[in-house]
Amino acid sequence: MQPMSRTLTTTPAADGYRMPAEYAPHSGCWMLWPERPDNWREHARPAQAAYAAVAAAIARFEPVTVGVGARQFEFARAQLAPQIRLVELSSNDSWMRDVGPSFVTDGRGGLRGIDWRFNAWGGLDGGLYFPWDQDDLVARKVLEIERVDRYRAPIVNEGGAIHVDGEGTLLVTEQCVLNPNRNPSLSRVQLEAHFRDWLGVDKVIWLGEGVFNDETDGHIDNLACFVRPGVVALTWTDAKRDPQYRVSRDAWERLNDARDARGRRLRVVKLPQPGPLRMSAREARGILARDGAKPRRAGERLAGSYVNFYIANRGVVVPLLDARTDRAALRRIAALFPGRRVVGVPAREILLGGGNIHCITQQVPATGGREGDRHGEGRRRGEAAR
């Protein structure tokens, strides 16, 4: 049996590790179960149904593990498909992309995880809830379960704030990464140096703002992502009076002016913006107001985006958000991923909580060229699950 997870004192880059692209093979996917009645309407029951549907869709392509609090364990087990692994795991909410580990590999079968410092997207200066102490432990717990060695990063960061091509290029937004509620003492140059050390990247491409009214301070994963080296999907609207037009136009110009780590020009593919979408009065009434949590109000614009999809082994799981644009978005995404099956999942309930499918998932890269092997015999992560 492999040893338990160790906490390392070096950096991934110094050890020859880097973050692989999300379209590289996975050994599995992690999620968390939603429970907060002050973020999810009707005591989270509609959101739980949406999460279960996402988990089932991903499980068609790769193993899925869901972490759940003790009080919800039996209920969650009844809601989730039987092939989905369920583990008891405390958290403050259910955004695994941001609170879980970012995995790095060395190309020789090695797998390690980065445990970023988490402050609920802004701490006491604009953060979305308090406390966040259990969320800050999630990455460490996942790495213990997976028996993967851990790097504890010195900076505040979330998985949704970074997106790599696996060949040395990183996408981020200034609105999020340079926000003083994350790392106020660090400059752009210093943060780039941290990303080189912790993600093993060579080039950082800075976009400006994220999707309009995105409460994460503009995460990149809601705005733009690599679909393969040299190709970026970007949320887009042609409506010039929409505030998203200015944001997307600026991102388009920056991406077209940029070169990736290998000197290539980027091809930018536009995905239609749904909506604009807003929270209804009925939806807002179903959320419990509570001190320490962001209030949800009727009429509030939702940061909907089709870019917020999950790339699985041989599949892509896409949020369905607006009947007027869903079909066009699915067609464009299918064209970007030949050889993968595109599956749409109704995801408005996830959007009501502040994110979407990419935000609630975290892939575990496969090592040694093997896909979907996390529960396979002899694999250290599979052994940890027994």
Side-chain angles (χ1 to χ4, degrees), residues 1-8 12 17 19-20 22 25-35 51-52 54-56 58-59 61-77 79-106 109-118 132-153 158-159 310 312-313 359-368 370-386:
M1 179 177 287
Q2 294 289 334
M4 298 299 288
S5 172
R6 302 172 298 164
T7 299
L8 306 171
Y17 283 74
M19 186 175 180
E22 295 181 24
H26 302 169
S27 68
C29 173
W30 273 82
M31 299 174 63
L32 288 167
W33 188 248
E35 299 180 31
Y51 271 59
V54 170
I58 296 172
F61 306 105
E62 63 195 45
V64 177
T65 300
V66 177
V68 63
R71 290 181 299 178
Q72 286 269 325
F73 188 93
E74 289 189 77
F75 178 77
R77 180 68 279 168
Q79 305 306 307
L80 292 165
Q83 71 268 33
I84 294 169
R85 180 174 68 164
L86 192 62
V87 299
E88 187 176 315
L89 182 62
S90 302
S91 61
N92 298 109
D93 204 0
S94 51
W95 305 102
M96 181 58 88
R97 177 67 52 179
D98 292 343
V99 304
S102 296
F103 289 94
V104 290
T105 60
D106 66 356
L111 178 68
R112 294 177 179 176
I114 304 168
D115 178 3
W116 306 104
R117 299 180 188 276
F118 180 74
W132 54 80
D133 56 327
Q134 293 304 306
D135 275 349
D136 197 37
L137 293 173
V138 168
R140 182 177 180 179
K141 293 176 181 179
V142 168
L143 295 172
E144 286 278 353
I145 292 169
E146 296 282 2
R147 294 182 183 269
V148 171
D149 289 339
R150 163 182 173 258
Y151 297 101
R152 177 60 164 170
E158 304 97 37
Y310 180 83
N313 292 334
C359 305
I360 67 173
T361 53
Q362 179 61 259
Q363 72 280 352
V364 183
T367 57
R370 298 172 63 187
E371 294 183 358
D373 62 354
R374 179 161 48 75
H375 302 303
E377 185 175 351
R379 298 293 295 163
R380 64 180 177 180
R381 291 180 299 283
E383 291 166 351
R386 296 191 184 105

(request) Report yes or no: does R112 contribute a side-chain atom to a donor-acceptor pair with the main-chain N or O of R150 at less than 3.5 Å? (result) no

(message) Is there a side-chain contact between V148 and S5 in this structure, where contact means two heavy atoms from C-beta onward sitting under 4.5 Å apart?
(response) no

(message) Out of the candidates K141, R140, R152, only one should pair with D115 under the side chain to side chain donor-acceptor pair (under 3.5 Å) rule; please name it.
(response) R152

(message) I'd like to check H26 versus Y310 (side-chain heavy atoms, cut-off strictly below 4.5 Å). Are they in contact?
(response) yes

(message) Within the structure provided, determine whether V104 and Y151 are in side-chain contact (heavy-atom separation under 4.5 Å).
(response) yes

(request) Report yes if the side chains of R85 and V66 come closer than 4.5 Å at any heavy-atom pair, otherwise no. (result) no

(request) Pick out which of N92, D93, D98 makes a side chain to side chain donor-acceptor pair (under 3.5 Å) with W95. (result) D93

(message) Would you compute the distance between atom OG of S102 and atom CZ of R97 and round it to the nearest 0.5 angstrom?
(response) 8.0 Å

(request) For Q362 and P101, indicate whether the former's side chain and the latter's backbone hold a donor-acceptor pair under 3.5 Å. (result) yes

(request) Using distance alone, with no hydrogens and no angle criterion, decide if W30 and E146 have a side-chain donor and acceptor under 3.5 Å apart. (result) yes

(request) Keeping the roles fixed (side chain from E35, backbone from G69), state whether a donor-acceptor pair exists under 3.5 Å. (result) yes

(request) Please confirm whether the backbone N or O of E22 pairs with a side-chain atom of Q363, one donor and one acceptor, at under 3.5 Å? (result) no

(message) Just so I know, are the side chains of V99 and L32 near enough to count as touching, which here means a heavy-atom distance under 4.5 Å?
(response) yes

(request) Evaluate the side-chain proximity of L111 to P365: yes if any heavy-atom separation is below 4.5 Å, no if none is. (result) yes

(request) Side-chain contact test, heavy atoms from C-beta onward, threshold under 4.5 Å: evaluate it for L89 versus V142 and give yes or no. (result) yes

